[in-house]
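The chain is numbered in sequence order, starting from 1.
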Amino acid sequence: MPHFAYSFSLLQLLFASKKVTTIEVVDQLLQHIETQKNLNAFVNVYDQEIRENAVLVNQKIEQNKGGPLAGMVVGLKDMIAYKDHPLQAGSKILTNYIAPFHATVTERLLAADALIIGHQNCDEFGMGSSSENGYFGTVLNPLDQTRVAGGSSGGSAAAVKAKMCHVSIGTDTGGSVRQPAAFCGLVGLKPSYGRISRHGLVAYASSFDTAGILAHTVEDCASVLEVIAGPDAFDSTASAKEVPCYTNGLHHSARYKVACLEETLSHGGLQPEIKDHTLHGLELLKKAGHQIDNVHFELLKYALPTYYILVNAEASTNLARFDGIRYGYRSSDATTLEEVYIKTRTKGFAKEVKKRIMLGSFVLSASQCETHYIKALKVRNMIKKAMQDILSQYDFIILPTTTTTAFKVNSFVSDPLSMYWSDLYTVLASVAGLPAISLPNGVDQKDLPIGIQVIGNYFEEAKLLTFASHFESIVK
Ligand code: GLN
């Protein structure tokens with residue numbers, strides 16, 4: 001039987017010509033999940049339900065009444081609410097929590113006749129870069145099971161790569177969609193802050209959080225973005241800007257001006273093969289008629305500290321709501337209210353999350369606020385402005401997605417600072433709130449995928465996707 005899990009746009013043609021049914025496709029993907037359980041990509045699979053929904057969607061397709069994503073099988077990161085289904089954000093503290101409503105993203109996917117297959121494993125509350133920090137254990141990379149799939153949306157990346165679903169919806173606060181996409185050889189899109197509603201996403205750092213898309217192709221990313229983006233009465237930070245038809249212009253061939261950030265390529269921590277492949281990718285673009293210029297970005301060294309100060313501050317307030325009273329887990333041996341709070345949070349959160357809550361509370365404390373939090377906000381503005389300056393002269397900024405390819409499981413568990421380094425290139429777009437996409441750009445000597453990152457201007461996802469699709473075709 002052929003694989004029904006590569007590009008959804010191809011599969012749609014098979015549906016239309018009645019060569020394949022959604023029921024067969026779902027069966028195949030469920031089998032892949034069953035035979036690759038060791039990857040630990042899913043925390044919950046809704047097999048019964050998706051089989052029932054597949055029958056209904058198939059009827060719609062037969063009657064030519066299917067929605068734009070009819071038959072697309074989608075996995076959700078365990079940070080995205082699916083009404084009446086468990087939602088744990090990879091944390092013990094949300095044990096037994098059932099989402100009482102759909103995230104806007106989920107609602108829109110279902111309305112477009114996508115089929116939701118399950119919830120995917122991740123780092124606890126999205127905090128991590130390797131999917132080793134979650135309550136449900138480590139996610140393995142389908143391409144080399146001694147290595148991580150990246151994080152925090154590692155389960156979402158592993159599931160698409162291992163053909164367990166067509167597309168995954170992850171969340172990206174500082175790289176959690178783009179970095180696992182790079183580690184697994186996929187396309188990973190983080191749109192502009194505010195392009196997709198955050199309603200129903202578990203909050204990590206609210207001024208950074210975005211939903212994102214992991215897929216095999218740029219076209220699949222575009223089809224999904226078209227459906228899930230747009231204004232939302234439940235999220236005042238979701239932009240009212242009109243959502244263009246992203247799939248329409250994908251094959252338009254314009255010539256663009258591209259800035260390559262020198263400091264990203266001369267960085268000592270960059271794996272040499274990634275540098276070589278990035279340069280090669282730029283060379284291909286040049287040959288295709290685009291203008292490539294090297295541009296200095298001296299603020300690069302401030303991006304990571306700025307990011308980690310601000311996200312920890314926001315996380316410490318966002319996670320205050322998990323107090324043992326309102327959600328999920330409550331310590332059973334607490335006798336006073338204060339003990340409920342203390343024991344629940346002590347046992348409910350794991351080490352990385354507790355560390356970040358403490359650091360976040362520290363930088364917000366009266367004596368530190370000015371020197372840490374306020375200062376980081378100022379640097380954030382400087383970085384934003386510097387990026388905007390570049391994007392006022394160039395169409396795109398190009399840089400590697402990660403400093404290394406997928407690393408071995410357990411490499412950095414006891415060395416979190418080194419782990420943070422792997423976010424060096426992804427946090428830039430997050431700090432600035434700009435749209436960014438990671439694209440496959442060859443493999444290293446161990447055959448591990450390398451990602452290249454393209455950052456576009458605010459709300460110019462259509463242009464970004466068109467350029468990405470062009471890159472995709474020239475790299476092939
Ligand atoms: N690795 C980064 C962090 O731990 C990014 C995570 C994310 O984007 N959710 O904060």
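- When each of Leu29, Leu30, Leu39 is checked for a side-chain contact (heavy atoms from CB on, under 4.5 Å) with Met164, only Leu39 meets the rule.
- Ser129 and Gln179 share no donor-acceptor pair across their side chains, judged by distance under 3.5 Å alone.
- Between the side chains of Lys77 and Ser156, no donor N or O sits under 3.5 Å from an acceptor N or O.
- Looking at Asn141, its side chain does come within 3.5 Å of a backbone N or O of Val148 through a donor-acceptor pair.
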Report all side-chain donor-acceptor pairs from residues 184-197 shorter than 3.5 Å, counting only partners two or more places apart or in another chain.
from   : atom 1 : to     : atom 2 : distance (Å)
Lys190 : NZ     : Leu434 : O      : 2.9
Ser192 : OG     : Phe459 : N      : 2.8
Ser192 : OG     : Glu461 : OE2    : 2.6
Tyr193 : OH     : Arg198 : NE     : 3.4
Tyr193 : OH     : Arg198 : NH2    : 3.2
Tyr193 : OH     : Ser206 : O      : 2.7
Arg195 : NH1    : Glu242 : O      : 3.2
Arg195 : NH2    : Lys241 : O      : 2.5
Ser197 : OG     : His199 : N      : 3.0
Ser197 : OG     : Asp232 : OD2    : 2.6

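- Here the side chain of Arg380 pairs a donor or acceptor atom with the backbone of Val431 at under 3.5 angstrom.
- Side-chain N/O atoms of Asp423 and Tyr307 include no donor and acceptor closer than 3.5 Å.
- Between Asp123 atom CG and Asp78 atom CG the span is 11.5 Å, to the nearest 0.5 Å.
- Listed for the Ser223 side chain is a donor-acceptor partner under 3.5 Å among the backbone atoms of Glu219.
- Atoms CD1 and OG, from Ile213 and Ser153 in turn, are 12.0 Å apart once rounded to the nearest 0.5 Å.
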I'd like a table of donor-acceptor pairs (distance under 3.5 Å, sequence neighbours excluded) in which one partner is a side-chain atom from residues 354-361, with atom names and distances.
from   : atom 1 : to     : atom 2 : distance (Å)
Lys354 : NZ     : Thr346 : O      : 2.5
Lys354 : NZ     : Phe349 : O      : 3.3
Lys355 : NZ     : Glu352 : OE1    : 3.0
Lys355 : NZ     : Tyr420 : OH     : 3.2
Arg356 : NE     : Glu352 : OE2    : 2.7
Arg356 : NH1    : Tyr204 : OH     : 2.5
Arg356 : NH2    : Glu352 : OE2    : 3.1
Ser361 : OG     : Ile357 : O      : 2.7

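- A donor and an acceptor atom, one from each side chain of Thr401 and Ser438, are located under 3.5 Å apart.
- A centroid separation of less than 6.0 Å is found between the aromatic rings of Phe467 and His290.
- One finds the CG atom of Leu76 at 5.0 Å from the OG1 atom of Thr106 (value rounded to the nearest 0.5 Å).
- A donor and an acceptor atom, one from each side chain of Ser91 and Glu124, are located under 3.5 Å apart.
- Although no hydrogens or angles enter the test, the distance criterion places a donor-acceptor pair under 3.5 Å between the side chain of Asn40 and the main chain of Thr138.
- Counting only N and O atoms by type, the side chains of Glu314 and Ser207 include a donor and acceptor under 3.5 Å apart.
- In this structure, Phe471 has its ring center no closer than 6.0 Å to that of Phe396.
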